[in-house]
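Each remark here refers to the structure printed beneath this line.
In what follows, chains carry the letters A, B, and so on, assigned in the order in which the sequence lines appear, proteins first and then strands, with residues in each chain numbered from 1. Owing to the predicted nature of the structure, the values given are computational and were not obtained by experimental measurement.
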There are 2 protein chains.
Amino acid sequence: MAKAPRNGPYICGIDAALDVVSGKWKGLILWELDTHGVRRFAELRRGLPGVSEKMLTQHLREMEQDGLVHREVYPEVPPRVEYSLTEHGRSLNAALGPLGRWGMDRIARERTELVEHRDAGLLPRP
Amino acid sequence: MAKAPRNGPYICGIDAALDVVSGKWKGLILWELDTHGVRRFAELRRGLPGVSEKMLTQHLREMEQDGLVHREVYPEVPPRVEYSLTEHGRSLNAALGPLGRWGMDRIARERTELVEHRDAGLLPRP
DNA sequence: CTCCTCACTCACCTTTTGGTAAGCACCCCA
DNA sequence: TGGGGTGCTTACCAAAAGGTGAGTGAGGAG
């Protein structure tokens with residue numbers, strides 16, 4: 001409800017979308033929530049090796065503000081909080097599909113270049 | 001030819017793609033070069049209001065390293081340098097299409113929410 | 001002669017981002 | 001009684017990103 005754009009105004013749609021996914025772990029969080037559906041805080045933490053608790057909460061809060069994730073708190077002891085994607089989060093993930101495929105191509109391209117370098121004797125064999 | 005991945009290794013394709021477009025102006029640079037085909041340095045500068053020369057050169061160099069843009073220097077006086085998208089740059093732009101549309105939807109969504117707030121008396125009329 | 005344009009580069013500074021470590025309040029398990 | 005798990009928050013730091021303003025060197029306009 002009461003929500004203002006964090007940054008902006010945006011010059012084009014790419015701007016607005018990148019604003020929402022830029023952040024060291026946001027892409028991975030999106031991926032985790034999309035593949036698992038519902039995840040608890042500690043599950044996400046274990047799924048993103050290397051993330052700090054601070055960054056995870058910070059990113060989750062921002063994504064909640066941006067309407068991408070839903071946060072459900074159960075008033076229990078020990079505390080339980082479940083995160084899932086909203087409709088907008090799922091549509092963002094869908095829109096990210098082609099970009100992900102492009103990224104895979106890029107990774108593959110880099111690997112083949114490395115192999116070519118190795119075969120040309122430019123790099124030592126591992 | 002001799003090119004190593006700037007960051008990485010990447011966990012998924014989204015990672016690899018976001019690495020390449022994250023940077024305050026890269027999305028806009030891509031857009032500019034895609035719509036105009038070929039642009040000179042100063043043209044790009046004028047097309048991206050607020051960009052500093054340092055950031056523009058820095059971003060262009062990184063995108064060149066990443067194989068997204070082609071840089072053609074004409075040994076003239078005064079100097080002339082033309083930038084254009086490579087094949088990979090164009091394919092990245094294509095992959096960015098759905099994301100751009102999602103961003104446009106987000107912008108539109110935010111605007112309607114603002115209008116609703118205004119109509120509910122939560123915000124002053126401009 | 002002076003200023004402007006072109007496409008930068010460099011040194012310096014501020015802002016933003018992310019990491020580290022600690023604490024909290026309660027519970028369960030041994 | 002001590003330790004671990006739960007989901008955070010806070011204070012403090014380090015690194016990265018980005019901005020500012022100057023200088024370059026030749027040519028063209030006024």
Quick check on C/dT17: is either OP1 or OP2 less than 4.0 Å from any side-chain nitrogen or oxygen of A/Trp25? no

Whole-Å distance separating the CG atom of B/Leu60 from the C1' atom of C/dC6: 15 Å

On the ring face of A/Tyr74, is A/Arg80 found with NZ or CZ under 6.0 Å from the centre and within 45° of the axis? yes

Taking any heavy-atom pair under 4.0 Å as a contact, classify B/Arg45: base, sugar-phosphate, or nothing. nothing

Summary of salt bridge (Lys or Arg N to Asp or Glu O under 4.0 Å) pairs that have at least one residue in residues 93-104 of chain B, sequence neighbours excluded: none

Basic-acidic side-chain contact under 4.0 Å: A/Arg90, A/Glu87: yes

Tell me whether B/Lys26 is salt-bridged to B/Glu62, with the criterion being a basic N under 4.0 Å from an acidic carboxylate O. yes

Applying salt bridge (charged side-chain N to carboxylate O under 4.0 Å, His left out), can you list everything that pairs with B/Glu72, at least two apart in sequence or on another chain? none

Length of the line joining A/Arg80:CZ and C/dC28:C1', which is rounded to integer Å: 17 Å

Which protein N or O atoms sit under 3.5 Å from an N or O of nucleotides 13-15 of chain C?
none

Do B/Asn93 and B/Trp31 touch side chain to side chain, with heavy atoms closer than 4.5 Å? no

Which angle, to the nearest 10 degrees, lies between the helix axes at the two ends of the helix from C/dC1-D/dG30 to C/dA30-D/dT1, each defined by five pairs? 10°

Applying a 4.0 Å non-hydrogen cut-off, can you work out what B/Tyr83 is touching in the nucleic acid: base, sugar-phosphate, or nothing? sugar-phosphate

Any residue in residues 47-56 of chain B with a heavy atom nearer than 4.0 angstrom to DNA chain D? Just list them by number, or reply none. B/Ser52, B/Lys54, B/Met55

Per A/Val81 side chain, nearest of listed nucleotides D/dT9, C/dA7, D/dG7: D/dG7

How long is the straight-line distance from CG of B/Leu96 back to CG of A/Leu96, given to the nearest 0.5 Å? 9.5 Å

Between B/Val38 and B/Val73, is there shared hydrophobic-cluster membership here, with clusters defined by ILVMFWY side-chain heavy atoms closer than 4.5 Å? no

Look at the side-chain heavy atoms of Ile, Leu, Val, Met, Phe, Trp and Tyr, link any pair under 4.5 Å apart, and say whether A/Val77 and A/Val81 land in one connected group. no

If the threshold is 4.0 Å, N to carboxylate O, is there a salt bridge linking B/Arg39 and B/Glu82? no

Quick check: is B/Val20 connected to B/Ile11 through a chain of hydrophobic side chains (ILVMFWY, heavy atoms under 4.5 Å apart)? yes

Might you point out which heavy atoms bring B/Leu48 and B/Glu32 nearest each other, and give the distance in Å? CD1-CG, 3.5 Å

Whole-Å distance separating the CD atom of A/Glu43 from the P atom of D/dC8: 13 Å

Polar atom pairs between nucleotides 2-5 of chain C and protein, under 3.5 Å, N or O only, would you list them?
none

B/Pro79 has its side chain closest, among C/dC8, C/dA7, C/dC27, to C/dA7

Here the distance between atom P of C/dC8 and atom CD of B/Gln58, to the nearest Å, is 13 Å

Heavy-atom count check: over 12 atoms from other residues, nucleotides or ligands less than 6.0 Å from B/Met104 CE? no

From the options C/dC6, C/dC8, D/dT6, select the nucleotide whose nearest atom is closest to the side chain of B/Arg40. C/dC6

C/dT17 phosphate, OP1 or OP2: any side-chain N/O from A/His59 under 4.0 angstrom? no

A/Arg71 side chain N/O closer than 4.0 Å to the phosphate oxygens (OP1, OP2) of D/dC8? yes

What's the shortest heavy-atom distance between B/Tyr83 and B/Leu33, and which atoms? O-CD2, 3.5 Å

Separation of C/dA7 P from B/Glu64 CD (nearest whole Å): 15 Å

Rounding to an integer number of Å, can you tell me how far A/Lys24 NZ sits from D/dA14 C1'? 12 Å

